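Just so you know, ligand 1 is whichever comes first in the structure, and atom 1 is the first atom listed for that ligand. Predicted, not measured: the structure shown is a model, and the values here were computed from it.
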Amino acid sequence: MFASVIIDQDTKALNKVFDYLVPQGVDISVGARVSVPFGQRTLQGFVIALKESCDYDASKIKKLYGVMDDFALIKPEHIQLMKYMCDEFHLRQTSVLRLLVPSEIREGKVRELFEKYAVLGKYDLQSLNRAKKQQEIIKKLQIEGKILISDLKKEFGESALKALIDKQFVLIERKKINRKPLVLQHQDKPVTLSDQQNRALQIIRGNKTFLLHGVTGSGKTEVYMHLISQALNEGKSAIMLVPEISLTPQVVALFRARFGEKIALLHSSLSAGERFDEWRRIFCGEAQVVVGARSAIFAPCENVGVIIIDEEHEQSYISEANPRYDSKEVAAFRAKYNSCPLVLGSATPSIDDYQRAQDGEITLVEMPVRANGKPLPKIQIVDMMNELRSGNSGTFSTQLISDLAKVINDKKQAMVFINRRGYSSFMMCRECGYVAKCNDCDVSLVYHREDNRLKCHYCGKQYKVLDVCPNCGSRSIKQGAVGTERIVHELAQIFPDVKILRMDNDTTSKKNAHQKLLQEFASTKPCVLVGTQMIAKGHDFEDVTLVGIVDADQSLYRADYRATERCFQLITQVSGRAGRSQNEGKVDLQTYSPRHYVYKFAANYDYKAFFKKEANIRKTAAFPPFSKIIRILFCHNDENVVKDELKSCYNKLLKVREVHFDDVIYMDAMKSPIKKIKNLYRYQVIVRIKLDSSKQIEDEIFDCTQNALKSSVFFEVNPENMA
Ligand code: ADP
Ligand code: ZN
Ligand code: ZN
């Protein structure tokens, strides 16, 4: 028998299938990890097929050495998935393998963890007459049965215990332990489902995709949990994806309270040991409910009964690093393979998916009212131009300050949202216009007051603060737009006696810091929580009655066709944090463009009207979802190399365009908006093609990139980030 093997080395040269002869008597199956001879080396690989004959000269084919585990690490579904992904996203098999089997498992560096216990063997107490400590150990074991070896060592010392073990009076027993991520305690409170929840559950059945459009606080989570219970009742498993930043301790606790030990978590802040154990628990069917961030879509569960993607509009579901993939499409593949429903949930569906629902490709399910029966918080648009005209050039409008004062007076809570961390967005010389930039990246540095440093948000490099302009020597330095640190600083001056917390990447980087912050917020009244996107998602605090959006325009003026969509989503999400319980909520939205349509629709929570307008604009301009954008990004630390390789790719593309003139709407080569990141120069080609273009055109465009051997090349269809 012959095995087709993919070598576990992620390089272009090894992106092939190699055939090996399976030695007699070796028990092998598809998906098995095997060790194989490769040139002079021994490498590991994965069997993706077994066959009786082989196209090459059988006498020249090498024998594989053996199978490395007791079971196949890759399940049949995942072998199919790998093929699908390679085809669909133009990926290498070797790179996809790395997604399917986490490094902890592949590299064999992490092991199962055992605890060692002492138990009694056949002993003779008499013979221990003069060994006092050994006697005591035996007596203690007689009473307790088994005791952790480490505890015994601590109490009686190493030598006494060793003597007993040598005589086999004491035996060692190993017990496997699971390293489990820490989870908050939470009481599961059963609820009676509302009519709209029941209706949603009736509709969501069968092998179809559903778009669950439910306003914030409509009780989508409860619908998800019911769907998961249904799957479990049928003896099936379930996968639920949530954006990394909404995978808060509260959310996890909620699911743990409902599903107990059946839950497994997969996200980026697990330790290697935790990931290893959670993955194995899923693999062997011990955990049937997988809750996790993007990569959890690859969880090795079988017989999947439902797949849920919460906050489906989130861009984090698309991987930005190589290998680039869209977890929604992976989910669709798995749902089809398992004949189960795929549920995409959101209060602000992506324009793409809502359009798909309009076209009847997927089924729309609506939950238009909040579970508490209360109206959505009123959003007041505050015109900051007006504030300027009346002499207020500060960060906060008089409206926001007076609303905050009221919250504080009522001993309630407020959230203040600004999507920028640090103190100010840049430092600039007033005299000559010099802006402090990162040496390695083409971006301006952000001032962080707490550490009194300038930081690059792309590579993390830190620099000394600018006191004197290095260009002209002037001491007149201007700061850019406000960030979270500065908001906290200014609020503390206005409300000196009130607790003000800050939640952003900087305050939550330590393990469990996130959890501590949220706990402190939950138990402090009055309190103001200032934060970035992190505060926008998933939180359910009943005493939050006010949300302040300091700079709503910020997300609007990005050079990205999705900017307005993002802005609408963000406003709706943040606003959704207010008034979730018995108290009514309010939102102050500060803007310099109060008449922009996005604010009008967002303030009325009129998603449908927003969709209509936005879809119309996209249709007219032939942007997705009415066309496909392909971006080919070239990166290299030598600018000439990138330029050359880009150019030769572009020349090939010109020929493709000649052939498919009717399908290519637009094509151009250019510098990326951010020209350099981490010392790598970035150039790109953007191609827009008609929606109904054949897959073949896409493949032909992809082929044009294949000769670039030096640059890293990223091929993306409808990328989330165009920077
Ligand atoms: P969403 O995810 O749609 O924003 P949640 O699922 O967080 O909303 O629900 C909002 C609040 O409503 C939560 O506090 C939840 O416990 C509560 N809730 C959900 N369903 C019900 C119900 N049927 N009856 C009472 N309260 C409910
Ligand atoms: Zn200067
Ligand atoms: Zn940098």
Peer 1: For ligand 1, which atoms, with element, lie under 4.0 Å from some heavy atom of G219?
Peer 2: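 Here the atoms of ligand 1 in question are 1 (P), 3 (O), 5 (P), 6 (O), 8 (O), 9 (O), 19 (C).
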Peer 1: With a 6.0 Å cut-off on ring centres, are Y607 and H213 close enough?
Peer 2: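 Yes: the rings meet the under 6.0 Å criterion.
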Peer 1: Could you say whether the N/O atoms of E222 and ligand 1 ever approach to under 3.5 Å?
Peer 2: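 The answer is no, given that E222 and ligand 1 share no N or O pair closer than 3.5 Å.
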Peer 1: Pull out every atom of ligand 1 sitting under 4.0 Å from any heavy atom of V215, numbered as shown with elements.
Peer 2: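 Reading through ligand 1 atom by atom, the close ones are 3 (O).
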Peer 1: Would you confirm whether the ring centroid of F521 sits within less than 6.0 angstrom of the ring centroid of F541?
Peer 2: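 Yes, close enough.
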Peer 1: Could you tell me the angle subtended at the Zn ion (ligand 3) by SG of C438 and SG of C456, rounded to 10°?
Peer 2: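 Angle SG(C438)-the Zn ion (ligand 3)-SG(C456): 110°, rounded to 10°.
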Peer 1: Check whether any side-chain heavy atom of Q315 sits under 4.5 Å from a side-chain heavy atom of Y317, and report yes or no.
Peer 2: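 They are not in contact (no side-chain heavy atoms under 4.5 Å apart), so the answer is no.
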Peer 1: Would you call the rings of H448 and H457 parallel, tilted or perpendicular if under 30° counts as parallel and over 60° as perpendicular?
Peer 2: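 Taking H457 first and then H448, their aromatic rings stand perpendicular (interplane angle over 60°).
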Peer 1: Do E639 and K675 pass the salt bridge (charged side-chain N to carboxylate O under 4.0 Å, His left out) test, and can you show the C-alpha distance, the side-chain angles, and the key distance before you say yes or no?
Peer 2: CA-CA 10 Å; E639 191 167 4; K675 193 186 148 192; 3.4 Å; yes
Peer 1: Show which atoms of ligand 1 fall inside a sub-4.0 Å distance from at least one heavy-atom site of S218.
Peer 2: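 With S218 as reference, the close atoms of ligand 1 come out as 1 (P), 3 (O), 8 (O).
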Peer 1: Short list, please: which atoms of ligand 1 are under 4.0 Å from a heavy atom of A371?
Peer 2: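 Answer, ordered by atom number: 12 (O), 18 (N), 19 (C), 20 (N), 21 (C), 27 (C).
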Peer 1: Does the ring centre of Y447 sit less than 6.0 Å away from the ring centre of Y423?
Peer 2: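 Distance test on ring centres: under 6.0 Å, yes.
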Peer 1: Measure M367 to ligand 1 on non-hydrogen atoms and call it side chain, backbone, both or neither using the 4.0 Å cut-off.
Peer 2: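 Answer for M367: neither.
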Peer 1: How wide is the angle at the Zn ion (ligand 3) between SG of C459 and SG of C441, to the nearest 10°?
Peer 2: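 Approximately 110° at the metal, rounded to tens of degrees.
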Peer 1: Is there side-chain contact between V550 and V416, with heavy atoms separated by less than 4.5 Å?
Peer 2: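 Yes - at least one pair of side-chain heavy atoms lies under 4.5 Å apart.
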Peer 1: Show which atoms of ligand 1 fall inside a sub-4.0 Å distance from at least one heavy-atom site of R580.
Peer 2: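 So the atoms of ligand 1 that pass are 4 (O), 5 (P), 7 (O), 8 (O), 10 (C).
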Peer 1: Without hydrogens or angle criteria, can the side chains of Q202 and R199 be said to hold a donor-acceptor pair below 3.5 Å?
Peer 2: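 No, no side-chain donor-acceptor contact under 3.5 Å.
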Peer 1: With a 3.5 Å distance limit and no angle check, can you tell me whether K220 reaches the backbone of G214 through a side-chain donor-acceptor pair?
Peer 2: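 Between the backbone of G214 and the side chain of K220 there is a qualifying donor-acceptor contact (under 3.5 Å).
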Peer 1: Less than 4.5 Å apart, side chain to side chain, heavy atoms only: is that true for L344 and K328?
Peer 2: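 The answer is yes; the side chains approach within 4.5 Å.
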Peer 1: To 10°, measure the SG(C429)-the Zn ion (ligand 2)-SG(C469) angle for me.
Peer 2: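 Output for this angle: 110°, rounded to tens.
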Peer 1: Does ligand 1 have any atom that is closer than 4.0 Å to a heavy atom of L193?
Peer 2: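 L193: in contact with ligand 1 (<4.0 Å).
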Peer 1: Mark yes or no for whether Q196, through its side chain, and E366, through its backbone, hold a donor-acceptor pair below 3.5 Å.
Peer 2: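 Answer holds: no.
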Peer 1: Check each atom of ligand 1 against the heavy atoms of T221 and keep those under 4.0 Å away; list them by number with element.
Peer 2: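 Contacts of ligand 1 toward T221, numbered from 1: 2 (O), 5 (P), 6 (O), 7 (O).
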Peer 1: Does R324 qualify as a cation-pi partner of F714, given the criterion of NZ or CZ under 6.0 Å from the six-membered ring centre and within 45 degrees of its axis?
Peer 2: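 Because its charged atom sits under 6.0 Å from the ring centre and within 45° of the axis, R324 does stack over F714.
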Peer 1: Under 2.8 Å from the Zn ion (ligand 3), can any N, O or S atom of H457 be found?
Peer 2: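 Looking at H457, which is the residue asked about, there is no N, O or S atom under 2.8 Å from the Zn ion (ligand 3).
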Peer 1: Rounded to 10°, how many degrees is the angle SG/C432-the Zn ion (ligand 2)-SG/C472?
Peer 2: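 Taking the Zn ion (ligand 2) as the apex, I get 110° for this pair.
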Peer 1: With heavy atoms only and a cut-off of under 4.0 Å, state how T192 meets ligand 1: side chain, backbone, both or neither.
Peer 2: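 Just the backbone.
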Peer 1: Run down the list N198, D540, V251, D195 and name the one with the heavy atom closest to atom 14 (O) of ligand 1.
Peer 2: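 Closest candidate by heavy-atom distance is D540.
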Peer 1: Considering the heavy atoms of T216, write down every atom of ligand 1 situated less than 4.0 Å from one of them.
Peer 2: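 Matching atoms, with element in brackets: 4 (O).
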Peer 1: Counting each atom of ligand 1 from 1 as listed, which ones have a heavy atom of S194 under 4.0 Å away?
Peer 2: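 Counting from 1, the qualifying ligand atoms are 23 (N).
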Peer 1: Can you find an N/O atom of G214 closer than 3.5 Å to an N/O atom of ligand 1?
Peer 2: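 Not met; the criterion fails.
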